[in-house]
Amino acid sequence: MSKRDFYEVLGLSKGASADEIKKAYRTKAKELHPDRNSDNPKAEDQFKEANEAYEILKDPEKKAAYDRFGHAAFEGGMGGGRPGGFGGGAGQGDFASAFSDVFDDLFGDFMGGGRGGRQRASRGADLRYNLRVTLEDAYSGLQKTITVPTSVQCDSCSGSGAEGGAEPTTCPTCSGMGKVRATQGFFTVERTCPTCSGLGQIIKNPCTKCGGNGRVQKEHALSVNIPAGVETGTRIRLAGEGEAGMRGGPPGDLYIFIEVTRHPIFERDATELHCRVPVSMIAAALGGDIEVPTIDGGRSRVKIPAGSQSGRQMRLRGKGMPALRGGGQGDMFIELAVETPVNLTSKQKELLREFEAMSEDNNPESKSFFSSVKNFWDSMKG
């Protein structure tokens, strides 16, 4: 039985480019794979045929010979010998080579970038630091020095991990690829090289100070600018202040998370401040001026209207918290808490009774109400 034209097998025309050949083979490989065509007895032979065609056409020299002599180029001494095994087509090793090219395209990104996807120098890890500040500090902002335990570049080997700063050597197991492959039947499995841990390089003489890691542990002091207006949950990023990278790789970042501690007087709601202010019964009844503390450490005078009741709120504009990214200042709200006098003297009690009597005389409706309540309780006692 005569063999079909290799271009025809892959659905191509002569003169197809390398990318077109690879794309066509990928399509055929997925379409004709025996595992997906268990009910088609011809699928396996067609799959082998497509593989043989790709094995020839993907190689520029073999493709040139095939374009000139056709199938005869690989039969009877015309070329480098007909690929043997696997039903007269490509050999098992050649099949693995052909299929691994497609495997790279299909799964290379998922497995770490395919060929050459090693990472000799890796970025350092990001770090988190929790910082507590007072409400006063959050109001005004501050410059604060913190100490962060981290990994820094080894100064003895300049981060290379090799003694004396010598260059690492190529890993003999993976030939610098950082990955090794194992072929099992139709499939090629790729995994991280166990010798170099995917770095593609090994260190024959590790640095005695860092043990070959290229990094050492150290307490790192930093000066941090805390802007005015921060609140709990605010995150500040310091680029390049995280852990040092492996083998000279770039450092990670440091993230500072702010927690504003609870204040004994003020309650915060975004840029607004709230506080309860005690006032005497006399001040609430007659009205007057009182002084209230503010978050900036000063005091503001507030006029209390006559007849104020507990729970009444009053606004002090511009006395709240600053907005973190500009936008002005919030307001402060005070809530009046009228205090009832305690531990009264006999004279004070007598004056209050006189006040009550005068209030009833001046307000007949109030007097009638209290008389009704008194009569009700007297009837209950009877």
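All residue numbers refer to positions in the sequence shown, counting from 1.
The salt bridge (charged side-chain N to carboxylate O under 4.0 Å, His left out) check on Glu339 picks up nothing, with sequence neighbours excluded. Listed by chain and residue number, Glu163 satisfy the side chain to side chain contact (heavy atoms under 4.5 Å, CB included) test with Thr208 (two or more places apart in sequence, or in another chain). Every residue two or more places apart in sequence or in another chain that forms a side chain to side chain contact (heavy atoms under 4.5 Å, CB included) with Val152 is listed here: Thr150, Val216, Lys218.
Follow the hydrophobic side-chain contacts under 4.5 Å out from Leu238 and you reach Ile146 in the same cluster. In the hydrophobic clustering of ILVMFWY residues, with side-chain heavy atoms under 4.5 Å counting as a link, Tyr255 and Tyr129 come out apart. A continuous path of Ile, Leu, Val, Met, Phe, Trp and Tyr side chains, each step under 4.5 Å between heavy atoms, connects Leu273 with Ile265, placing both in one hydrophobic cluster.
Of the possible polar contacts, one joining the Asp331 side chain to the Gly318 backbone as a donor-acceptor pair under 3.5 Å is found. No donor-acceptor pair under 3.5 Å is formed between the side chain of Arg317 and the backbone N or O of Lys319. Judged by distance alone, with hydrogens and angles left aside, the side-chain atoms of Ser310 form a donor-acceptor pair with the main-chain N or O of Val338 at under 3.5 Å. Side-chain N or O atoms of Glu272 include none that pairs as donor or acceptor with a backbone N or O of Asp269 at under 3.5 Å. In terms of modelled atom types and a separation under 3.5 Å, the side chain of Gln329 and the main chain of Gly320 share a donor-acceptor contact.
Using a 30° and 60° split on the angle between ring planes, Tyr66 and Tyr7 fall in the tilted class, from 30° to 60°.
Lys48 and Glu52 are not joined by a salt bridge, as no carboxylate oxygen comes within less than 4.0 angstrom of a charged side-chain nitrogen. Contact check on Arg262 versus Glu267 returns a salt bridge, with a Lys/Arg side-chain nitrogen under 4.0 Å from an Asp/Glu carboxylate oxygen.
Residue Leu10 comes nearest to Ala24 through the heavy atom pair O-CB, 3.5 Å, listed as atom of the first residue, atom of the second, then distance. Here the shortest heavy-atom pairing between Lys179 and Cys174 reads O-CB, 3.5 Å. Taking all atoms of both residues into account, the shortest heavy-atom contact from Gly229 to Arg268 is O-NH2, 3.2 Å. Counting all heavy atoms, side chain and backbone alike, Leu127 lies closest to Pro149 at CD1-O, 4.3 Å. Smallest separation of non-hydrogen atoms from Leu324 and Pro227: CD1-CG, 3.8 Å. Between Leu336 and Gln309 the shortest heavy-atom distance is CB-O, 4.1 Å.
For the ring pair (Phe, Tyr, Trp, His ring centres under 6.0 Å) condition, the pairs that include at least one residue of residues 311-345, sequence neighbours left out, are His274-Phe333. The side-chain hydrogen bond (donor to acceptor under 3.5 Å, both in side chains) contacts involving residues 228-241 comprise His220-Glu241, Arg237-Asp253, where partners must be two or more places apart or lie in separate chains.
The closest side-chain heavy-atom distance from Thr134 to Tyr139 is not below 4.5 Å. Using a 4.5 Å heavy-atom threshold, the side chains of Pro341 and Met281 count as touching. Residues Val277 and Ile290 have side chains in contact (heavy-atom distance under 4.5 Å, counting atoms from C-beta outward). Taking the side chain as every heavy atom from C-beta outward, Leu131 and Ile236 never approach each other to under 4.5 Å. In this structure, Glu55 and Lys62 have side chains that are in contact, with non-hydrogen atoms separated by less than 4.5 Å. Looking at heavy atoms from C-beta onward, Arg215 lies out of side-chain contact with Cys154 at the 4.5 angstrom threshold. No side-chain heavy atom of Lys28 sits under 4.5 Å from any side-chain heavy atom of Phe47.
The line from OG of Ser346 to CG of Leu351 is 11.0 Å long, rounded to the nearest 0.5 Å. Atom CD of Glu49 and atom CG of Asn51 lie 11.0 Å apart (nearest 0.5 Å). One finds the CG atom of Asp137 at 13.5 Å from the CZ atom of Arg132 (value rounded to the nearest 0.5 Å). Considering CD1 of Ile334 and CZ of Arg312, their distance stands at 10.0 Å, rounded to 0.5 Å. A distance of 6.5 Å separates CD of Glu243 from CD of Gln217, quoted to the nearest 0.5 Å.
At most 12 non-hydrogen atoms from other residues, nucleotides or ligands lie less than 6.0 angstrom from CD of Glu61. Residue Lys23 places its NZ atom among 12 or fewer non-hydrogen atoms of other residues, nucleotides or ligands, all under 6.0 Å distant.
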* **Working for side chain to side chain donor-acceptor pair (under 3.5 Å), residues Asn130 and Arg128** => CA-CA 7 Å; Asn130 296 328; Arg128 171 174 177 152; 2.9 Å; yes
* side chain to side chain contact (heavy atoms under 4.5 Å, CB included) between Met332 and Cys275: does it pass, once the steps are laid out? -> CA-CA 8 Å; Met332 173 178 163; Cys275 71; 3.5 Å; yes
Tell me which donor-acceptor pairs under 3.5 Å the side chains of residues 295-307 have, and how far apart each pair is, sequence neighbours excluded?
from, atom 1, to, atom 2, distance (Å)
Asp296, OD1, Thr294, OG1, 2.5
Asp296, OD1, Gly298, N, 3.0
Arg299, NE, Glu291, OE1, 3.4
Arg301, NH2, Glu291, OE2, 3.4

